[in-house]
Amino acid sequence: MSDMERISISLPSKLLKEFDEIIDEKGYASRSEAIRDALREYILRYKWLKSLKGERIGTISIIYNHHAPEVMEKITDLQHEYRDVILANLHIHLDDEHCLEIIMVKGDAKRIVELKNKLNSTKGVKLAKLSVVAPATQIPE
């Protein structure tokens with residue numbers, strides 16, 4: 001086995017409880033094994049997003065706490081900054097605290113990924129998920 005590094009992380013109790021339930025359900029031998037698996041998946045997704053090129057069409061779905069300071073203004077500002085790749089958006093109120101925003105995108109993959117990353121790193125955003133495909137004109141018959 002290769003060299004191992006020991007790290008320490010802090011997690012909200014609810015998140016750790018849910019993670020432990022998944023660990024048990026999937027049969028992992030330890031939290032460490034499950035975290036290594038999750039990190040591998042995260043790295044693969046990152047590399048896939050980074051490798052995207054050319055014209056793409058898809059959606060960015062974000063869930064955020066609308067009570068977080070300035071989160072709505074920051075999301076709106078980003079949408080104005082990236083209007084060259086945004087076709088439309090849909091806003092849904094999920095509960096008293098959370099909203100779902102679905103942003104339809106089309107354009108340069110690098111710009112779309114950049115937007116997704118900026119949304120994801122915005123304080124108050126809990127999740128930002130990108131789903132893209134090649135435009136219909138590029139899909140073989």
Side-chain angles (χ1 to χ4, degrees), residues 2-141:
S2 63
D3 291 338
M4 293 280 204
E5 298 285 335
R6 193 174 287 271
I7 63 168
S8 174
I9 61 172
S10 299
L11 299 171
S13 298
K14 184 178 177 185
L15 182 62
L16 183 58
K17 183 178 185 285
E18 287 185 55
F19 190 64
D20 284 341
E21 288 170 4
I22 293 168
I23 289 170
D24 289 342
E25 193 175 300
K26 291 183 89 176
Y28 283 103
S30 67
R31 280 183 182 159
S32 291
E33 184 181 328
I35 289 169
R36 283 192 294 271
D37 196 30
L39 284 171
R40 282 185 209 100
E41 196 169 316
Y42 180 84
I43 290 166
L44 285 173
R45 175 115 176 119
Y46 172 82
K47 287 179 178 180
W48 173 77
L49 285 172
K50 196 170 178 172
S51 73
L52 286 176
K53 291 183 175 85
E55 176 99 357
R56 293 287 184 262
I57 189 163
T59 60
I60 302 172
S61 302
I62 60 172
I63 294 177
Y64 62 93
N65 180 336
H66 76 258
H67 292 302
E70 301 177 9
V71 68
M72 293 172 70
E73 292 93 351
K74 289 176 183 172
I75 290 169
T76 300
D77 288 347
L78 282 169
Q79 289 185 51
H80 282 273
E81 183 181 338
Y82 287 86
R83 67 184 178 274
D84 60 307
V85 294
I86 295 176
L87 298 173
N89 70 329
L90 174 65
H91 182 94
I92 302 166
H93 303 279
L94 298 175
D95 57 36
D96 290 339
E97 290 184 8
H98 300 96
C99 294
L100 166 66
E101 192 115 1
I102 301 170
I103 304 167
M104 277 106 345
V105 292
K106 180 182 180 187
D108 181 63
K110 298 287 183 208
R111 288 279 292 163
I112 292 170
V113 169
E114 193 177 278
L115 170 59
K116 182 262 184 208
N117 289 340
K118 286 185 178 182
L119 287 165
N120 199 57
S121 64
T122 300
K123 191 172 176 87
V125 172
K126 292 187 166 190
L127 173 76
K129 179 153 174 99
L130 173 63
S131 176
V132 293
V133 295
T137 57
Q138 295 178 20
I139 298 173
E141 292 294 323

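Just so it is clear, the structure is predicted and the values come from calculations on it, not from any experiment.
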Looking at every non-hydrogen atom in both residues, tell me the closest pair between V125 and Y64 and how far apart they are.
CA-CB, 3.8 Å
Step by step, work out the side chain to side chain contact (heavy atoms under 4.5 Å, CB included) result for E81 and L78.
CA-CA 5 Å; E81 183 181 338; L78 282 169; 3.9 Å; yes
Might you confirm whether atom NZ of K110 has over 12 heavy atoms from other residues, nucleotides or ligands at distances under 6.0 Å?
yes
Taking atom CD1 of I22 and atom CG of D37, what is their separation to the nearest 0.5 Å?
11.5 Å
Salt bridge check: are K17 and E21 linked by an N-O gap of less than 4.0 Å?
yes
Quick check: closest heavy atoms across A34 and I23, and the distance to 0.1 Å?
CB-CG1, 3.5 Å
Yes or no on side chain to side chain contact (heavy atoms under 4.5 Å, CB included) for V105 and R111, after CA distance, side-chain angles and deciding distance?
CA-CA 10 Å; V105 292; R111 288 279 292 163; over 6 Å; no
On a heavy-atom basis, the closest approach of V85 and G107 is CG1-CA, 4.2 Å
Under a 4.5 Å cut-off applied to non-hydrogen side-chain atoms, are K129 and K116 in contact?
no
Around atom CD of E70, are there more than 12 heavy atoms of other residues, nucleotides or ligands at under 6.0 Å?
no
Rounded to the nearest 0.5 Å, what separation is found between the CG atom of N65 and the NE2 atom of H98?
4.5 Å
Backbone N/O of C99 and side chain of H93: donor-acceptor pair under 3.5 Å:
no
Between I112 and R56, what is the shortest heavy-atom contact and its length?
CD1-O, 3.8 Å
Salt-bridge criterion met for E33 and R36 (N-O under 4.0 Å):
no
Separation between CG of L94 and NE2 of H66, rounded to the nearest 0.5 Å
10.5 Å
Would you say that more than 12 heavy atoms from the other residues, nucleotides or ligands in this model lie under 6.0 Å from the CZ of R83, or not?
no
Heavy-atom closest pair (I60 atom, L119 atom, distance to 0.1 Å) is CG2-CD1, 4.0 Å
For the residue pair L115 and I86, establish whether any side-chain heavy-atom pair is separated by less than 4.5 Å.
yes
Minimum heavy-atom distance A68-G124, with the two atoms named
CB-CA, 3.7 Å
Report the distance from atom CZ of R31 to atom CG of D20, rounding to the nearest 0.5 Å.
4.0 Å
Going from CD1 on I63 to CD1 on I102, what distance comes out if it is rounded to the nearest 0.5 angstrom?
9.0 Å
Using a cut-off of 6.0 Å, state whether more than 12 heavy atoms not belonging to D96 lie near its atom CG.
no
Once you round to the nearest 0.5 Å, how far does CD1 of I103 lie from CG of L90?
10.5 Å
